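Treat the numbers as computed from the prediction; the structure is a model and nothing was measured.
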Amino acid sequence: MASSAAPSDLIQVTCSAPVNIAVVKYWGKRDEELILPVNSSLSATLHQDQLMTITSVAASKHFDKDRMWLNQKEESVDTVRLQNCFRELRKRASDKKNEKGEVIVKKEEWSQYKVHICSENNFPTAAGLASSASGFACLVYALAQLYGIQEQYPGELSSIARVGSGSACRSLAGGFVKWEAGVKADGSDSLAVQVADEKHWPEMAILILVVSSHRKPIGSTDAMERSVQTSDLLKHRAAVVVPERMKRMEEAIHKKDFQSFAIETMKDSNQFHAVCLDTYPPVFYLNDLSKQIVNVLTRYNNAKGHIRAAYTYDAGPNACLYTLKEYVPELLQVINHFFPGTKTGASLVGSDVGQLPADLVAKIGVEPQPNVLERIIHTEPGPGPQVQPHAKSLLNDNGMPKFL
């Protein structure tokens with residue numbers, strides 16, 4: 001912009017969107033361009049108090065071009081996935097009205113506007129915490145608010161987020177959400193559908209053990225393409241295993257049957273990483289600490305005589321544990337006993353919950369590994385995207401990032 005004065009036609013919107021962690025995994029596409037999956041998937045939306053992306057968008061005729069800043073670094077907007085999202089949203093743009101109901105931008109005028117986008121995560125990017133999912137969900141939701149878009153059918157916005165990042169479609173609703181794979185070539189039936197809202201299972205709690213916040217060695221897009229091309233197990237999983245597992249998982253959620261939910265969650269995580277091993281060349285996302293967490297939790301569940309904590313791992317080494325709130329104090333005792341402290345020497349969440357009983361320590365029977373975790377995130381199922389007040393905007397009144 002030639003002047004530092006705020007453009008008179010500037011329009012701003014700020015929104016937040018959640019992370020989701022799948023309990024039935026999405027892995028593999030039948031269409032790379034439209035991002036159509038080989039199987040349906042199901043996830044829990046995590047609460048934004050702990051994990052979220054916040055995105056501010058501003059539009060003005062005075063902007064020279066579309067621009068985007070992600071985590072305080074300017075990024076190109078000329079990627080195929082971003083441009084696909086822009087195209088789908090802009091063709092749905094409608095009249096923009098102010099709080100009084102007055103039209104301030106006519107539908108046909110949007111073509112004259114460029115946008116500035118500023119987005120930040122409050123968690124490590126690309127470390128197995130579904131940052132692209134919350135990021136694209138937030139982008140699509142914020143631009144939909146900016147452009148005054150009203151869904152013409154349930155899940156329409158999720159189909160747009162999907163072409164940005166597949167699992168982003170599941171972050172457009174709260175609670176428990178399934179992404180239906182669909183069968184149509186154009187992807188019109190590949191949508192996110194809420195299975196149950198965030199208030200359905202208030203007893204549910206989620207702990208994320210951050211093993212590493214470093215970028216994963218191979219990205220999900222390249223890895224799943226390799227799996228589609230080389231893994232026979234993936235074909236069996238998509239055709240035979242997942243359709244039945246989805247039914248059982250939905251039933252477990254509706255009935256709030258934690259034992260069934262937990263078993264299906266862990267078995268699906270195991271099979272996903274088995275597919276990664278069945279891929280050629282193989283893909284490794286779990287490290288030795290990831291595997292030791294599985295070992296400790298398996299022994300803990302066996303010692304209690306029923307499942308108290310279910311692990312699942314996405315494309316990264318970090319463990320996501322689904323449990324019930326009544327089990328959280330003891331589960332934190334288990335984690336703090338067998339994985340005490342952090343890599344920096346600080347205390348972990350729950351280090352003040354008391355000592356694990358000696359008999360349980362003996363039953364689990366493994367040597368503690370101190371100072372190996374980065375942190376623990378304690379959360380629960382939460383709502384979908386939210387419009388945030390202007391005070392939380394990442395952009396200033398000129399439509400430029402506040403950090404500049």
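Minimum interatomic distance between Val38 and Leu234 (heavy atoms only, all atoms of both residues): CG2-CD1, 4.4 Å. Contact between Lys402 and Leu395 at its shortest, heavy atoms only, is CE-O, 3.3 Å. Residues Cys169 and Ser158 approach most closely at CB-O, 3.2 Å, considering heavy atoms. Between Ala238 and Pro243, the shortest heavy-atom distance links the atoms O-CD, 3.4 Å. The nearest pair of heavy atoms linking Ala93 to Lys107 is O-CG, 3.2 Å. Among all heavy-atom pairs drawn from Asp314 and Ile21, the shortest one is OD2-CD1, 3.8 Å.
Of the possible polar contacts, none joining the Arg90 side chain to the Ser111 backbone as a donor-acceptor pair under 3.5 Å is found. Distance alone, capped at 3.5 Å, is enough to place a donor-acceptor pair between the Asn39 side chain and the Lys25 backbone. Distance alone, capped at 3.5 Å, places no donor-acceptor pair between the Arg237 side chain and the Trp27 backbone. Side-chain atoms of Asn318 come within 3.5 Å of backbone atoms of Val211 as a donor-acceptor pair (strictly under, hydrogens ignored). The backbone N or O of His337 lies less than 3.5 Å from no partner atom in the side chain of Gln355, so there is not a single donor-acceptor pair. With hydrogens and angles disregarded, no donor-acceptor distance shorter than 3.5 Å links the side chain of Arg226 to the backbone of Asp222. Of the possible polar contacts, none joining the Thr323 side chain to the Ala205 backbone as a donor-acceptor pair under 3.5 Å is found. A donor-acceptor pair under 3.5 Å is absent between the side-chain atoms of Ser56 and the main chain of Ser393, judged by distance alone. Although no hydrogens or angles enter the test, the distance criterion places no donor-acceptor pair under 3.5 Å between the side chain of Arg375 and the main chain of Thr342. Remark: side-chain polar atoms of Asn301 are paired, donor with acceptor, to backbone N or O of Leu297 under 3.5 angstrom.
A heavy-atom distance below 4.5 Å is found between the side chains of Ser159 and Tyr153. Counting only heavy atoms from C-beta outward, the side chains of Phe339 and Ile293 approach each other to under 4.5 Å. With a 4.5 Å cut-off on side-chain heavy atoms, Pro282 and Cys276 do not count as touching. Between Gln271 and Arg245 the shortest side-chain heavy-atom distance falls below 4.5 Å. Counting only heavy atoms from C-beta outward, the side chains of Val140 and Leu157 approach each other to under 4.5 Å. Within the 4.5 Å cutoff, the side chain of Asp78 has heavy atoms near those of the Gln83 side chain. Here the side chains of Tyr300 and Leu360 are in contact, with some heavy-atom distance below 4.5 Å. The shortest side-chain heavy-atom distance between Tyr147 and Arg92 does not fall under the 4.5 Å cut-off.
For the side chain to side chain donor-acceptor pair (under 3.5 Å) test with Trp179, the passing option among Ser167, Ser41, Ser190 is Ser190; the others fail. Of the listed residues (Gln112, His62, Lys61), just one forms a side chain to side chain donor-acceptor pair (under 3.5 Å) with Asp9, and that residue is His62.
Atom CD1 in Ile376 sits 10.0 Å away from atom NE2 in His378 (nearest 0.5 Å). To the nearest 0.5 Å, atom OG of residue Ser231 and atom NE2 of residue His236 are 11.0 Å apart. From Arg162, atom CZ reaches atom CG of Leu36 across 5.0 Å, with rounding to the nearest 0.5 Å. Between atom CD1 of residue Ile253 and atom CZ of residue Phe176 there is a gap of 5.5 Å, rounded to the nearest 0.5 Å. To the nearest 0.5 Å, atoms OH (Tyr26) and CG (Leu42) are separated by 15.5 Å. Here Ile307 contributes atom CD1 and Met266 contributes atom CE; the two are 3.5 Å apart, rounded to the nearest 0.5 Å.
A salt bridge does not link Glu109 to Lys106: none of the charged side-chain nitrogens sits closer than 4.0 Å to a carboxylate oxygen. Taking the charged nitrogens against the carboxylate oxygens, Glu250 and Lys247 have no contact shorter than 4.0 Å, which rules out a salt bridge. By the 4.0 Å N-to-carboxylate-O rule, Lys114 lies too far from Asp64 to be salt-bridged with it.
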So Asn295 and Gln292, side-chain hydrogen bond (donor to acceptor under 3.5 Å, both in side chains) or not? Walk me through it. CA-CA 5 Å; Asn295 182 34; Gln292 183 67 334; 3.1 Å; yes

Applying side chain to side chain contact (heavy atoms under 4.5 Å, CB included), run through Lys96 and Tyr113 and close with a yes or a no. CA-CA 12 Å; Lys96 177 68 174 179; Tyr113 283 73; over 6 Å; no

Let's go through Arg299 and Asn302 carefully: what are the C-alpha distance in whole Å and the side-chain angles of both, what is the deciding distance for side-chain hydrogen bond (donor to acceptor under 3.5 Å, both in side chains) to 0.1 Å, and is it a yes or a no? CA-CA 5 Å; Arg299 288 167 176 259; Asn302 288 343; over 6 Å; no

Between Thr53 and Phe136, does the side chain to side chain contact (heavy atoms under 4.5 Å, CB included) criterion hold? Intermediate values first, please. CA-CA 9 Å; Thr53 296; Phe136 270 102; over 6 Å; no

Under the side chain to side chain contact (heavy atoms under 4.5 Å, CB included) criterion, do Cys320 and Ile206 qualify, and how do the steps go? CA-CA 7 Å; Cys320 180; Ile206 300 161; 3.6 Å; yes

Which is it for His200 and Lys256 under the side chain to side chain contact (heavy atoms under 4.5 Å, CB included) test, yes or no, and what are the steps along the way? CA-CA 8 Å; His200 168 72; Lys256 297 195 282 188; 3.7 Å; yes

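Around atom NZ of Lys392, no more than 12 heavy atoms belonging to other residues, nucleotides or ligands sit under 6.0 Å away. Within 6.0 Å of CG on Asp288 lie no more than 12 heavy atoms contributed by other residues, nucleotides or ligands. Heavy atoms of other residues, nucleotides or ligands lying less than 6.0 angstrom from NZ of Lys29 number more than 12. Atom NZ of Lys65 has 12 or fewer heavy atoms from other residues, nucleotides or ligands within 6.0 Å. Within a 6.0 Å radius of NZ in Lys304, other residues, nucleotides and ligands contribute more than 12 heavy atoms. The 12-atom threshold is not exceeded at CD of Glu33, counting heavy atoms of other residues, nucleotides or ligands nearer than 6.0 Å. The environment of Lys325 atom NZ is dense: over 12 non-hydrogen atoms of other residues, nucleotides or ligands sit within 6.0 angstrom. For CZ of Phe403, the number of neighbouring non-hydrogen atoms (other residues, nucleotides, ligands) closer than 6.0 Å is greater than 12.
The aromatic ring centres of Tyr322 and Phe261 sit less than 6.0 Å apart.
Between the side chains of Ser290 and Asn287, at least one donor N or O lies within less than 3.5 Å of an accepting N or O.
Note: Trp69 and His116 have perpendicular aromatic rings, judged against thresholds of 30 and 60 degrees for the angle between ring planes.
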